[in-house]
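Numbered from 1 within each chain, the chains take letters A, B, ... in sequence-line order.
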There are 2 protein chains.
Amino acid sequence: MPLPQTEAPGRLVAELLSRGVRMTRQRRTILSVIETASQHLDAAQILRRARKLDPGIDRVTVYRTIRLLKRHGLVDELDLLHLEGEKHYYERHPQRDHLHMACVRCGKILEFESDLFERLKGQIQRDCQFHILVTRVEIGGYCAKCRGNSTDLRSV
Amino acid sequence: MPLPQTEAPGRLVAELLSRGVRMTRQRRTILSVIETASQHLDAAQILRRARKLDPGIDRVTVYRTIRLLKRHGLVDELDLLHLEGEKHYYERHPQRDHLHMACVRCGKILEFESDLFERLKGQIQRDCQFHILVTRVEIGGYCAKCRGNSTDLRSV
DNA sequence: ATAGTTGCAAACACTTTGCCGGTCG
DNA sequence: CGACCGGCAAAGTGTTTGCAACTAT
């Protein structure tokens with residue numbers, strides 16, 4: 001079903017350079033962390049990993065780099081239904097949108113892409129005359145393992 | 001803007017009473033504010049309106065009442081793509097899900113419901129064996145009025 | 001009677017800003 | 001060289017917690 005997850009490494013660096021953005025040692029480090037992550041990372045996790053590669057990096061630099069990437073549309077921001085705190089999670093802006101399902105019991109995040117969603121976007125652009133730049137779909141519920149053995153005490 | 005409210009006023013009070021939740025003067029006030037709102041309100045707006053009806057109400061009581069409603073699945077929480085700050089917005093949990101489109105230029109929020117989305121949810125429950133409790137769809141872009149006369153400088 | 005709720009103050013989690021010395025091109 | 005960037009400290013925003021007094025059932 002899904003496309004391969006990995007684009008060429010260094011893609012974020014190349015993309016920013018081609019837009020005339022200055023490239024520093026710290027930015028390269030942070031970009032490589034985001035690019036090689038196999039899961040959604042929050043700012044604190046990005047900082048921790050970046051510091052393993054370059055211990056002097058500051059929290060603020062991580063936040064500023066994330067904002068830079070957002071402004072350029074190169075990363076998407078997720079909340080994952082705030083299942084654990086108010087932090088944000090980041091992922092590379094994908095070629096094709098996908099939905100995020102978060103299990104409110106075990107916290108697992110599933111991703112899903114669907115032609116139906118592409119059709120839905122088309123319907124929105126047509127019926128609402130709305131030009132879509134970014135989508136964020138977060139669905140809470142019980143994953144296959146957790147369904148059945150839970151009361152419906154949702155907290156989202 | 002929200003779709004026309006089809007439920008009876010006082011429904012939130014009735015729903016909570018039927019679940020054995022204690023009903024205080026403050027809660028009645030806050031519930032009525034949420035119930036009569038014609039737009040998505042954040043906690044600060046709910047507080048401001050509640051204080052017009054009962055000036056002694058505290059910020060903390062608003063937050064606690066919101067949490068109560070979330071736990072009971074009676075309100076949904078939205079971020080509206082954090083277009084202005086990190087606050088959350090609340091709306092009564094609708095009978096039928098809808099999507100939120102936020103114009104990144106003028107900030108307008110449009111709502112949209114669609115059979116395609118219902119089918120998408122069905123597909124997810126089937127293909128992923130995921131039992132859906134809550135959905136949050138937030139789409140950013142340019143509304144009909146703002147499209148065309150903007151550079152693509154997104155910040156979401 | 002008593003478990004649950006309130007208001008106040010304080011703490012909290014996460015993110016942004018101001019400043020100045022350092023760096024990229 | 002000059003605009004831009006990084007690190008540090010501090011502030012900011014939005015939300016939650018601890019606790020004594022109060023209230024709904």
Side-chain angles (χ1 to χ4, degrees), chain A residues 12-14 16-34 40-48 50-51 53-72 75 77-90 155-156, chain B residues 12-14 16-31 33-34 40-51 53-72 75 77-90 155-156:
Chain A
L12 289 179
V13 171
L16 287 175
L17 283 174
S18 80
R19 301 183 193 203
V21 171
R22 226 181 253 195
M23 195 49 54
T24 62
R25 183 170 46 82
Q26 292 92 328
R27 284 190 179 164
R28 283 183 205 278
T29 303
I30 293 166
L31 297 179
S32 82
V33 166
I34 292 172
H40 307 109
L41 301 178
D42 62 37
Q45 290 171 307
I46 293 171
L47 175 62
R48 224 173 297 128
R51 278 191 164 153
L53 303 168
D54 179 352
I57 288 184
D58 194 86
R59 193 162 24 108
V60 174
T61 303
V62 170
Y63 282 112
R64 289 198 269 234
T65 303
I66 289 169
R67 188 165 30 156
L68 177 72
L69 291 168
K70 279 205 291 176
R71 272 207 306 272
H72 284 272
V75 295
E77 187 175 74
L78 306 169
D79 294 299
L80 300 180
L81 296 172
H82 304 302
L83 251 37
E84 37 177 347
E86 295 306 316
K87 50 193 142 212
H88 299 139
Y89 299 86
Y90 300 93
S155 60
V156 280
Chain B
L12 288 179
V13 171
L16 287 175
L17 282 174
S18 81
R19 301 183 193 202
V21 171
R22 234 182 247 198
M23 196 48 54
T24 62
R25 181 170 47 81
Q26 293 92 329
R27 284 191 178 162
R28 281 183 206 279
T29 304
I30 293 166
L31 297 179
V33 167
I34 292 172
H40 306 111
L41 301 178
D42 62 37
Q45 290 171 308
I46 293 171
L47 175 63
R48 225 174 296 128
R49 294 184 184 201
R51 277 191 164 152
L53 303 168
D54 179 352
I57 287 184
D58 194 86
R59 192 161 28 107
V60 173
T61 303
V62 170
Y63 281 112
R64 289 198 269 234
T65 303
I66 288 168
R67 188 164 30 156
L68 177 73
L69 290 167
K70 279 206 289 175
R71 271 207 305 272
H72 284 272
V75 295
E77 186 174 74
L78 305 169
D79 295 299
L80 299 180
L81 295 173
H82 303 302
L83 251 39
E84 37 177 346
E86 296 305 317
K87 52 192 143 212
H88 299 141
Y89 299 86
Y90 300 93
S155 60
V156 280

>> Minimum heavy-atom separation for Tyr89(A) and Asp79(A), please, with both atom names.
In response: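 Scanning both residues, the minimum pair turns out to be CE1-O, 4.0 Å.
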> Which atoms form the tightest heavy-atom contact between Ala43(B) and Tyr90(B), and what is the distance?
Replying inline: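 That closest heavy-atom pairing would be N-CE1, 4.4 Å.
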Measure [atom1]/[X] against [atom2]/[N] and give the value in whole Å, please.
{"X": "Ile57(A)", "N": "dG22(C)", "atom1": "CD1", "atom2": "C1'", "answer": "16 Å"}
{"X": "Arg19(B)", "N": "dT25(D)", "atom1": "CZ", "atom2": "P", "answer": "17 Å"}
{"X": "Leu17(A)", "N": "dC5(D)", "atom1": "CG", "atom2": "P", "answer": "12 Å"}
{"X": "Arg25(B)", "N": "dG4(C)", "atom1": "CZ", "atom2": "P", "answer": "21 Å"}
{"X": "Arg71(B)", "N": "dT16(D)", "atom1": "CZ", "atom2": "P", "answer": "11 Å"}
{"X": "Leu69(A)", "N": "dT15(C)", "atom1": "CG", "atom2": "P", "answer": "15 Å"}
{"X": "Asp79(B)", "N": "dT15(D)", "atom1": "CG", "atom2": "P", "answer": "10 Å"}
{"X": "Leu31(B)", "N": "dT5(C)", "atom1": "CG", "atom2": "P", "answer": "13 Å"}

> Just one of Val60(A), Ile66(A), Leu68(A), Val62(A) clears the side chain to side chain contact (heavy atoms under 4.5 Å, CB included) bar with Arg64(A), so which one?
Replying inline: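 Filter result, single survivor: Val60(A).
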> Base, sugar-phosphate, or nothing: which does Ala43(A) touch, judged by heavy atoms less than 4.0 Å apart?
Replying inline: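 It contacts sugar-phosphate atoms only.
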>> Between the base of dC24(C) and the side chain of Arg22(A), is one N or O donor paired with an acceptor at under 3.5 angstrom?
In response: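 Looking at the base of dC24(C), it does pair with a donor or acceptor on the side chain of Arg22(A) (distance under 3.5 Å).
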>> Looking only at the side chain of Arg64(B) (C-beta and beyond, no hydrogens), which of the listed nucleotides dT16(D), dT6(C), dT23(D) gets closest?
In response: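 Between dT16(D), dT6(C), dT23(D), the one nearest the side chain of Arg64(B) would be dT6(C).
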> Of the nucleotides dT5(C), dC8(C), dG7(D), which one has an atom closest to the side chain of Val60(B)?
Replying inline: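 Side chain of Val60(B) sits closest to dC8(C).
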> Closer to the 5' end of DNA chain D via nearest nucleotide, is it Arg28(B) or Thr65(A)?
Replying inline: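 The 5'-side residue here is Thr65(A).
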So, OP1 or OP2 of [N]: does either fall under 4.0 Å of a side-chain N or O from [X]?
{"X": "Gln26(B)", "N": "dG7(C)", "answer": "yes"}
{"X": "Arg67(A)", "N": "dT17(C)", "answer": "yes"}
{"X": "His88(B)", "N": "dG14(D)", "answer": "no"}
{"X": "Tyr63(B)", "N": "dT16(D)", "answer": "no"}
{"X": "Thr24(A)", "N": "dG6(D)", "answer": "yes"}
{"X": "Thr61(A)", "N": "dG7(D)", "answer": "yes"}

>> Return the CG to CE distance between Leu17(A) and Met23(A), rounded to the nearest 0.5 Å.
In response: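 Between Leu17(A) CG and Met23(A) CE, I get 4.5 Å after rounding to 0.5 Å.
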> What is the distance from atom OG1 of Thr29(B) to atom CD1 of Ile57(B), rounded to the nearest 0.5 Å?
Replying inline: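 The distance works out to 4.5 Å.
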> If you find the nucleotide of DNA chain C closest to Arg27(B) and the one closest to Arg59(A), which residue's nucleotide is nearer the 5' end?
Replying inline: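 This one resolves to Arg27(B).
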